[in-house]
Amino acid sequence: MARALGDDGRVSIGSLELEHPVLNGSGTFDAIAALRTFGDELRRRFPFAGFVSKTITVSPRGGNPPPRLWETPAGLINSIGLPNKGLRGFLQHDLPELATLPVPLIVSVAGFSYEEFRHLVAEVAERPQVAAIELNVSCPNVKSGCVMGSEPDETGALMEVVRSLTSKPLIVKLTPNVSDVAAVAEAAERGGCDAVSLINTLRAVAIDPDTGSPWLGAGQGGLSGPAVRAVALAMTLDVAARVRVPVIGMGGIERGQDALDFFAAGASCVAVGTESFRDPAAGTRIRDEMVALLAKRGFESAQSDFAKVSEPTKK
Amino acid sequence: MARALGDDGRVSIGSLELEHPVLNGSGTFDAIAALRTFGDELRRRFPFAGFVSKTITVSPRGGNPPPRLWETPAGLINSIGLPNKGLRGFLQHDLPELATLPVPLIVSVAGFSYEEFRHLVAEVAERPQVAAIELNVSCPNVKSGCVMGSEPDETGALMEVVRSLTSKPLIVKLTPNVSDVAAVAEAAERGGCDAVSLINTLRAVAIDPDTGSPWLGAGQGGLSGPAVRAVALAMTLDVAARVRVPVIGMGGIERGQDALDFFAAGASCVAVGTESFRDPAAGTRIRDEMVALLAKRGFESAQSDFAKVSEPTKK
Amino acid sequence: MSGATPPEVEVGLAAPEPGPRVEAPFGRRACPVIATESVGAYRLLAVEDHHGPAPLPGQFYMLAAADGWGGEAGERPYLGRAFSVCRSRGTRLEFLLERIGPGTDRLGRLSPGEQMLLVGPLGIGFSEPAAPSSTGVLLVAGGIGIAPIVTWAEALIASGAQPLTLAGFRSRAHTSAAQLLGGDVQIATDDGSQGHDGFVTELLEAELEHDDARAVYACGPPMMLEAVRAICARRAVQAQLALEEAMACGFGACFGCVVRTTTGYRRICVDGPIIDARDLDETWLER
Amino acid sequence: MSGATPPEVEVGLAAPEPGPRVEAPFGRRACPVIATESVGAYRLLAVEDHHGPAPLPGQFYMLAAADGWGGEAGERPYLGRAFSVCRSRGTRLEFLLERIGPGTDRLGRLSPGEQMLLVGPLGIGFSEPAAPSSTGVLLVAGGIGIAPIVTWAEALIASGAQPLTLAGFRSRAHTSAAQLLGGDVQIATDDGSQGHDGFVTELLEAELEHDDARAVYACGPPMMLEAVRAICARRAVQAQLALEEAMACGFGACFGCVVRTTTGYRRICVDGPIIDARDLDETWLER
Ligand SMILES: Cc1cc2nc3c(=O)[nH]c(=O)nc-3n(C[C@H](O)[C@H](O)[C@H](O)COP(=O)(O)OP(=O)(O)OC[C@H]3O[C@@H](n4cnc5c(N)ncnc54)[C@H](O)[C@@H]3O)c2cc1C
Ligand SMILES: Cc1cc2nc3c(=O)[nH]c(=O)nc-3n(C[C@H](O)[C@H](O)[C@H](O)COP(=O)(O)OP(=O)(O)OC[C@H]3O[C@@H](n4cnc5c(N)ncnc54)[C@H](O)[C@@H]3O)c2cc1C
Ligand SMILES: Cc1cc2nc3c(=O)[nH]c(=O)nc-3n(C[C@H](O)[C@H](O)[C@H](O)COP(=O)(O)O)c2cc1C
Ligand SMILES: Cc1cc2nc3c(=O)[nH]c(=O)nc-3n(C[C@H](O)[C@H](O)[C@H](O)COP(=O)(O)O)c2cc1C
Ligand code: FES
Ligand code: FES
C-alpha cells in the first residue's frame, strides 16, 4: 500500500491531493464568514491544506435553540445542531464561493436515512468543485433510531448505498461515543471508504448552576478541545492499527506537538477544530510548529518528515 | 420509591447508610497508606461518608509496568493495572485495618470471569466488616473477550451469578467506554443491583514526545479529572433517567459546584477521585462547599437540601 | 433532532444586509498592555495594537491574556472573550471591563508590559442614522454596556451630531464610567444613589415622549435591550442594539452565538453585534 | 491483562520495613512564599509553614502555586509536584528547584507574598548509618539531586558525623548549589568546567577504593543512581538512594509512582523516596 502521507509532507487520499497534512474539522471554520471578517488575506494565508465544509443536510436546518456553548476545563461543549441551508441552498449559494478558496474542497454531509445520504452524495459528488465527501455518521437514522456510526452494520449498509455513486474519495467521520470505534472503521473500510476521520465530539452535558437544569438549549452537546485529546489519541491508535485506509486524526490539537502525537498514533493527516476558535490561523501555526519540532529532532529535511514520526507505532 | 438521598443529606443504598453523600472513587484513596502518612488525624477528619477500597481480584496482581501516569490538560491518565494483594491477602491484611475506619466499608471487586466474581462476592460479603460491594465491570471476561460492563447481556448475566449470594448492597461501577451506558445500567438494575456508580475512566493514550511511542508502560490507560466531567455528567443524566436505583456520580468533581451538578443530573451520591490527589481532604472541602452554596441559594437548612438541587431534572 | 421535520426557523444564513465593517488582520496577534486604570467598579485596559486597523464604533475584539489563560486549577478561561472597543486613538485601543468571571478576572489583573492576545476588529459597527438626518440621536447605555457607546458618542460628535446619552447603572459605584462620555449625559441608578432613581429605560420613555424623531442606539443587559426594543417598536422609532452572547470564536466559525431574529437564528459575531431592533424576534429572550 | 496468569512480580504492598517518618497534617495548606533566590541555574524557594512539623531529611512535599496552577492555555500543570525539603529552619521550609517543565516553571516564578499550596512532609527520610557506626559517611549528589543531600548533610554534621559530599553537575553554571552544603565537598562537572572532569560516580569509586567501610547516600538522575547502586553492590557497601518518579498524589493513593524492587513494585511516595539500594531490582531502570 502506498503511504497516504509522503516524505514530502503531501497527502493523497484517493484522488484527493493535499499540499500538507493539516485540515480543518468540519463545522469549526466557516470560510465564507471568515472571508467577510478577514478579507482576502485569508485566501493568501489559508491555514488548511483542504477545506472541509460544515455538515450539510438535505433540508435546511436552523440549528438548536441557544445557548449553544459551554466552556469546560480545557474544552468546549457545543450544541449547534447542524444549521445549514440544506442541499439546494448549499449548492446554489455556498458552493460557488467555497470554490474560490485556494485549496481542495471536501463537503461534509449527513443524512437521517440511507435515502438522504444517497441523495446528498449523488448531488454533491457530481459537482466539479468538490474534491471529496466526508460522511458525518453521528446522526440518528430516523428509521432504526440508531446513530449510523455507532454500529458497524449500519455503517456498512450506508457504504453499500453510497459507494457506487461516485469515484470521488469518501471519508467516514467516526463518532467516539461507541464501544469499539475500530470495528466501525473496519466496516467503513470493507464498504470501500477511502479514509476515516476521527474523533467527532464526545457526548457531554453542562448544568446551569443557577437552576440545576441543563444549560444548553438542546439539553446536551458534544465536547471538543484539549480535554478530549487523550481519548482521541487512543481511538486513533486503535483505528490505525485495524484499517489500511488513511486515518485523519483530530481532537484537541492545539500545537505542533499534539499533531505529531496523532501521526505517531498512525494518522496520515490531522484536522484542527476548536483551536481555530482561539487562533484563526492555528492551522498554519501548528504546521510550522511541527516542521520546527521535526527539524529540532534532527530529521534531514523537516519538510519531508511528517511521515517518519509515525514509524515507532506503525504496523 | 424512597429517595436514596434524604432531606437530611443522608444516603441509603439498601442497608448501606451514609452520613452524607460524598464517597471516594475506588482506587483513588488508599486509606492504609494515608494513615501511615497522616496518622490518626485522618481518622478524626475522614473525608468520605464511606470508604471504597481499591479494586481487588482473586489472585494477587503487581500491576502494570511504569510509567503509569501522564498528566493531560485538566486531567490525568493512569494505567495502574489493579495492583492488589489478591482476595486472600486483602481479607487477611487489609480488611482488619480498613475496619478501623470511622465509616462503612465498600469493597470493590473485579473478576476476569463470572466464576471469579462469584468467588469474590461470596467471600467478601460474608465478612461483617463489609457494608457493601462494588462490582468493577471494566475488566475483560477472559472467556468472551468482552469487557463485562460493555454489553448489557454480560452485565445481566453477571448479576444473575452474584445477586443471590448476598443481601448486602451490590453497586455496579459502569464503564463509560460504551455506546449506551444506560442500557448497561438497566441490565444491572434488572439483575437486582442496589445502585450503579459511574463513570470509570475513559480509555486514553499518551505519546512520548521523544520517541513517538506510547508513554505508558501498558500502552494505554484511563482518563480522569475535570477533563471528563462534562462526559460524566451526560452519562449520569442518561442513567438516572433510565433506572430507579440510586446513582453514584463521579468524574472530575473538584469543587462543591461540580458535585451539585451531579445531583442536578440525578445522582443521589457522588464520589471524588483524582481531586483527592491534589488535595487529600478534598472530600470534606467539597461537602463544605456544597453546603455553603446551598445555603447561599437560600434553602432553609443547607444541611437538609442536597436533595432539592436535583429536582429540576428529576423524572 | 430529526431531519424529517422542517426547521423551526429560517436558517439565518441568508446574506444579511451588509453592515459597516473594518476587516481584521488574519490571525491572532500579541499586543502589549500599555495602561490600566480603575473606572469606578470597572477596569480600563489600554493596549498598543501596531498591526490592526482602527475599528469602527460597535466592533469588538476577542481577547485573552498571553500568560495564565487556562486559569486556576486547569479550569477556565480557555477560549477568548469578546470586548467592544471603548475608545481608540491611533494604535491605542481601550477596553472597559466588568469583572464577572474567570476571563474578565484574568484580564482585569493584567499589568502594563504584559501581553494580550487579540483578534479583531470583528463584527459590524453602528450605522449612521438614516437620512433625512433626524433631529437628534439618543444613546442608551446600561452598566458595562457603556463601552461601545463611549466610542460611538465620540464618533457622532466628531461628525457634528449632538447625541444625548442616557446611562443607567446599578449604583453610584458604577457611574464614574459616565465620565468617559462626551456630549450630554443623563444618569439613572437602580438604587437612586445618583441621578434618576430607577431604570434608564424610564429616561428613554420620557425623552421619546418629548421628541420621538430621534434614532436610538443601545447597549446593555438583555432585559434592558428588550425594554428598549419594545419601547421603540411601540413608537416606530429606529433603534440599533449592540447585543451580547457567549462567543467561542468571534468570526462566524462556530455558530454558537446566535440570537433569534424574524428571519431565523443570526450569528451576532459576524452579522452583529449591532442589530436593527426590528429584526429581533419578539421571543428572542426566551430560553 | 489477564487474571488467570500469576502476577509477574510480587505485589509490593506487603508492609515494607518502616522507615523514619514524620506524619503530615491531613490535607493541603496554603503557605506564603517568604523568599526566593537564584542559586546558579537553580531556584531556591522559601515558605513559611506554620502548621506543619519539621520534616526529616529525605522527606518531601507536594507543591502547587495557589494561583495560575492549571497553566497556560488550559494546559498543565494540573497536579501537584514533588520536592524534597532542601533546608528547614523552624517554620521556614526551603526548596531547591530546577526548571524543567510547566510545574517547575510556575513555581520558579512565585514571588514573596504569593501563596503556595503544600501537602507534607511525605514519605520516609534517610536512616542513620547502621551501627556499628561506620568510619564515615559519603553523600553523592547529582545535579538538582543535591536538594535532600543539603539537609541530610546538615543533620549528620549536627549529630557529630563528618560527611563528605561528592557533588556532580552538568557544568559550572550549576555548581553554586554546592555552596549550600556543609562539611567537605568534592565537585565534578560533566564538561570539566569545575572540579573533577567527569562523572561524580568516578569520585565515588575513588573514595570507596580508598575506604569502603562508609555508608553511602545518594540522590540524582536515575542513571547516576543506577551507577551508585552497581558500584555499592559490587563492594557490598550499604547505600540509601533517594528516588524520583512522576507522582500524582504523594501519599500512596494512586499507585502511580512505583519502582521495581526485588519484592515487587514499591510506591516511592509512601515506601520511599529513600530506598535501600539492595532492594532495587537490577532491571529497575528498564522501561
Ligand atoms: C460583542 C460583545 C461585546 C462585549 N463587550 C464587553 C465590554 O466592552 N466589556 C465587558 O466587560 N464585557 C463585554 N462583553 C461581555 C464579555 O465578553 C463577558 O463579560 C465575558 O466573556 C465574561 O467572561 P468571564 O470568564 O469573565 O465570565 P463567565 O464565567 O464566562 O461568565 C459570563 C456568563 O457566561 C455564563 N457562563 C458561566 N459559566 C459558563 C461556562 N462554563 N461556559 C459558558 N458560559 C458560562 C453565565 O451566564 C455568566 O454570567 C461583550 C460581549 C460581547 C459578545
Ligand atoms: C520525591 C521527589 C523529590 C523531588 N525533589 C525535587 C527537588 O528537590 N527539586 C527539583 O527541582 N525537583 C525535584 N523533584 C522532581 C520534580 O518533582 C519534577 O522536576 C517536577 O515534577 C517536574 O514538573 P514540571 O511540570 O516542571 O515538568 P514535567 O513537564 O512534568 O516534566 C517532568 C518529566 O515528566 C515527564 N513528562 C513530560 N510531560 C509529562 C506529562 N504530560 N505527564 C507526565 N509526565 C510528563 C518527562 O519525563 C519530563 O522530563 C522531585 C521528585 C520526587 C518524586
Ligand atoms: C462548534 C463545533 C461545531 C462542529 N460541527 C461539526 C459538524 O458540522 N460536522 C462534523 O462532522 N463535526 C463537527 N464538529 C466536530 C469537529 O469537526 C471535530 O471533530 C471535533 O471538534 C474535535 O476536534 P477539536 O477538538 O480539534 O475541535 C464540530 C465541533 C465544534 C466544536
Ligand atoms: C489512579 C487511579 C486508579 C483508579 N483505580 C480504580 C480501581 O481500582 N477501581 C475502579 O473501579 N476505579 C478506579 N479508578 C477510577 C475512579 O474510581 C473514578 O471512577 C475515576 O477516576 C473518575 O473520577 P475522578 O475524575 O474524580 O477521578 C481509578 C482512577 C484513578 C485516577
Ligand atoms: S462566536 Fe463563533 S460564530 Fe459567533
Ligand atoms: S504518587 Fe500516588 S501513590 Fe505515589
Side-chain angles (χ1 to χ4, degrees), chain A residues 70 72-77 146-147 150-151 175-181 202-215 219-223 225-238 252 254 257-258 260-265 293 297 308-314, chain B residues 70 72-77 146-147 150-151 175-181 202-215 219-223 225-238 252 254 257-258 260-265 293 297 308-314:
Chain A
W70 182 261
T72 70
L76 170 69
I77 313 181
C146 163
V147 170
S150 75
E151 289 295 336
T175 164
N177 303 303
V178 299
S179 308
D180 186 357
V181 67
L202 280 168
R203 225 163 52 73
V205 159
I207 302 290
D208 181 345
D210 293 333
T211 66
S213 304
W215 169 266
Q220 59 171 40
L223 183 66
V228 310
R229 193 191 306 144
V231 174
L233 273 173
M235 294 191 174
T236 299
L237 194 69
D238 268 9
E254 273 186 301
Q257 180 60 57
D258 305 332
L260 291 180
D261 287 354
F262 278 85
F263 289 114
L293 281 168
R297 286 180 203 158
K308 295 199 182 137
V309 297
S310 69
E311 274 159 29
T313 52
K314 261 277 169 73
Chain B
W70 180 260
T72 70
L76 170 69
I77 312 181
C146 164
V147 170
S150 75
E151 290 294 337
T175 164
N177 302 304
V178 299
S179 309
D180 186 357
V181 67
L202 281 168
R203 225 164 51 75
V205 158
I207 301 290
D208 182 344
D210 293 333
T211 65
S213 304
W215 168 265
Q220 59 171 41
L223 183 66
V228 310
R229 194 192 304 143
V231 172
L233 273 172
M235 294 190 173
T236 299
L237 194 69
D238 268 9
E254 271 187 302
Q257 180 59 57
D258 305 332
L260 291 179
D261 288 354
F262 278 84
F263 290 115
L293 281 168
R297 286 178 202 159
K308 295 200 179 135
V309 296
S310 68
E311 274 159 29
T313 51
K314 261 277 169 72

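Numbers restart at 1 for each chain; the letters A, B, ... are given by sequence-line order, proteins then strands.
For the options A:Gly225, A:Ala232, A:Pro209, heavy-atom pairs under 4.5 Å to chain B are most numerous at A:Pro209. Contact count versus chain A (heavy atoms, under 4.5 Å) is highest, among B:Asp208, B:Val181, B:Asp261, for B:Asp261. Looking only at heavy-atom pairs under 4.5 Å with chain B, the residue among A:Gly75, A:Ala204, A:Gly221 that has the most is A:Ala204. Considering only heavy-atom pairs separated by less than 4.5 Å from chain B, the leading option among A:Gly219, A:Gly252, A:Ala230, A:Gly222 is A:Ala230.
Shown are B:Asp258, B:Leu260, B:Leu233; of these, the side-chain contact (heavy atoms from CB on, under 4.5 Å) with A:Ile207 is made only by B:Leu233. Partner of B:Val205 under the side-chain contact (heavy atoms from CB on, under 4.5 Å) criterion, out of A:Leu237, A:Thr236, A:Val231: A:Leu237 alone.
For B:Asp238, the part lying under 4.5 angstrom from a heavy atom of chain A is the side chain only. Only the backbone of A:Asn177 has a heavy atom closer than 4.5 Å to any heavy atom of chain B.
In this structure, A:Val178 and B:Ser179 approach most closely via the heavy-atom pair CA-OG, 3.3 Å. When all heavy atoms of B:Ala264 and A:Gly212 are compared, the pair lying nearest together is CB-O, 3.2 Å.
With sequence neighbours left out, the side chain to side chain donor-acceptor pair (under 3.5 Å) criterion links A:Gln220 to A:Arg203.
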